[in-house]
Amino acid sequence: MDQLFDSLQHLLVSGWEVVIAVLVLVVPWTPLIAWVGFWLLAVNWEKLYPVLAKGGVIGVLLIGLMMILVWGLIAPPTEGFHQMFGLRPSNFVGKTVYVTMLLTIMALCGTVQLSGACGSLVSFPEDEPDEPDHGHGGGHAGHGADDHASSVHGHGDHAHSH
């Protein structure tokens, strides 16, 4: 019986070590996973794409430029350059590569969602049409406000004669 308990204890310890090893691998990637999850599942690309096509891309690119400038000033690499793909780009060039990759991932998420590859994972509520007017008009027009305003001042339907 002691051997069974020892085996269960070893199994639990090994299982815990596997969980820790997976977390060590996943936690550094959490911001990127959140980025992909947001742009893939939380953004309605059917509405965003026409806005981007009408010139919203310029705003996105300007925001990306600001990301590069602020990030480059706040967090320069400790050695003065980045280590990526065997290259050693300078601070702002490296930040430009990172921000370009983020914006490309964003666009790819939109493409995946628009292609229908997400299936039932992505469902946004349908827009409800505006309520019909029912002949009441806006404001006080249907309640005779115009008639009241002109009759109070003694003008009635007559025009001013000067």
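The structure presented is a predicted model; accordingly, all values stated were derived computationally and were not measured.
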From CG (N91) to CD1 (I68), nearest 0.5 Å
11.0 Å
Check whether M66 and V93 end up in the same hydrophobic cluster, where Ile, Leu, Val, Met, Phe, Trp and Tyr are linked by side-chain heavy atoms less than 4.5 Å apart.
no
Quick note, ring-ring contact (aromatic ring centres under 6.0 Å, His included) partners involving residues 86-114, not counting sequence neighbours, are W71-Y98, H82-Y98
Side-chain heavy-atom pair M106, V43 within 4.5 angstrom cut-off
no
Kindly determine whether W45 and L40 satisfy side chain to side chain contact (heavy atoms under 4.5 Å, CB included), including the steps that lead there.
CA-CA 9 Å; W45 280 91; L40 189 62; over 6 Å; no
Pairwise distance OG1(T100) to CE(M67) - rounded to 0.5 angstrom
9.5 Å
Look at atom CD of Q83 and say whether more than 12 heavy atoms of other residues, nucleotides or ligands are closer to it than 6.0 Å.
yes
Could you please spell out the steps behind the side chain to side chain contact (heavy atoms under 4.5 Å, CB included) verdict for L48 and L52?
CA-CA 6 Å; L48 181 61; L52 292 175; 4.0 Å; yes
CG of L108 to CG of L103: how many Å apart, nearest 0.5 Å?
11.0 Å
Check whether V51 and F124 end up in the same hydrophobic cluster, where Ile, Leu, Val, Met, Phe, Trp and Tyr are linked by side-chain heavy atoms less than 4.5 Å apart.
no
Is there a side chain to side chain contact (heavy atoms under 4.5 Å, CB included) between S14 and V18? Walk through the geometry before answering.
CA-CA 6 Å; S14 297; V18 168; 5.6 Å; no
Enter the distance from K95:NZ to L69:CG here, rounded to the nearest 0.5 Å.
12.0 Å
Going from OG on S7 to CG on L12, what distance comes out if it is rounded to the nearest 0.5 angstrom?
11.0 Å
Assigning hydrophobic clusters by single linkage (Ile, Leu, Val, Met, Phe, Trp, Tyr; side-chain heavy-atom cutoff under 4.5 Å), is V99 placed with I33?
yes
Can you check whether V112's main-chain N or O pairs, donor with acceptor, with S115's side chain at less than 3.5 Å?
yes
Given the rule that I, L, V, M, F, W and Y join up when any side-chain heavy atoms are under 4.5 Å apart, are V57 and I105 in one cluster?
yes
Side-chain heavy atoms under 4.5 angstrom apart, residues restricted to Ile, Leu, Val, Met, Phe, Trp, Tyr: same cluster for V36 and V26?
yes
Could you list all the side-chain hydrogen bond (donor to acceptor under 3.5 Å, both in side chains) pairs where at least one residue sits in residues 15-36, not counting sequence neighbours?
none
Go through the steps to decide whether L32 and L102 satisfy the test side chain to side chain contact (heavy atoms under 4.5 Å, CB included), and finish with yes or no.
CA-CA 8 Å; L32 184 62; L102 288 174; 4.2 Å; yes
What pairs with K54 under side chain to side chain donor-acceptor pair (under 3.5 Å), at least two apart in sequence or on another chain?
none
Which pair of heavy atoms, one from V97 and one from M84, lies closest together, and at what distance?
CG1-SD, 3.6 Å
Whether over 12 other heavy atoms sit under 6.0 Å from I58 CD1:
no
